[in-house]
Amino acid sequence: MKINGERDLTDSPCIGICSTTNVGDDVCLGCHRSAMEVIEWNTYSDAEKIAINLRLIRERQGKI
């Protein structure tokens, strides 16, 4: 996150209602990442985080 509070594409898309860790879902109902993406997020490079966030944005736009 930037100093002014704006989110960055390397930020976690987590919105604080994780169903992968709390319920055991394969895909989180909050951020829509896979369970493995949630678990391994802190090990990903910036390029990998950006790719995941861009995929999530594309998926959201496709559902509108």
Side-chain angles (χ1 to χ4, degrees):
M1 185 174 295
K2 297 178 184 176
I3 196 163
N4 65 1
E6 290 180 22
R7 294 184 60 83
D8 188 270
L9 283 175
T10 59
D11 291 337
S12 169
C14 179
I15 60 170
I17 56 170
C18 189
S19 68
T20 60
T21 57
N22 292 334
V23 182
D25 289 340
D26 290 332
V27 176
C28 180
L29 296 175
C31 69
H32 304 285
R33 288 180 291 169
S34 71
M36 206 48 121
E37 289 171 338
V38 171
I39 292 166
E40 295 183 354
W41 185 259
N42 290 327
T43 68
Y44 291 152
S45 68
D46 284 351
E48 291 170 312
K49 291 175 181 179
I50 290 168
I52 291 167
N53 275 316
L54 289 174
R55 185 196 82 227
L56 296 172
I57 291 167
R58 283 192 306 273
E59 289 174 359
R60 275 197 312 268
Q61 290 173 342
K63 292 181 180 178
I64 294 175

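Of the candidates H32, R55, K49, R55 is the only one forming a side chain to side chain donor-acceptor pair (under 3.5 Å) with E37.
Looking at residues two or more places apart in sequence or on another chain, you find no side chain to side chain donor-acceptor pair (under 3.5 Å) involving T20. With sequence neighbours left out, the side-chain contact (heavy atoms from CB on, under 4.5 Å) criterion links T43 to E40. Contacts of S19 classified as side-chain contact (heavy atoms from CB on, under 4.5 Å), with partners at least two apart in sequence or in another chain: V23, D25, C28, L29. Partners of L9 according to the side-chain contact (heavy atoms from CB on, under 4.5 Å) rule, which considers only residues two or more places apart in sequence or in another chain, are I50, N53, L54, I57.
Its side chain within the 4.5 Å cluster rule, I52 clusters with W41, Y44, L56 among the Ile, Leu, Val, Met, Phe, Trp and Tyr residues.
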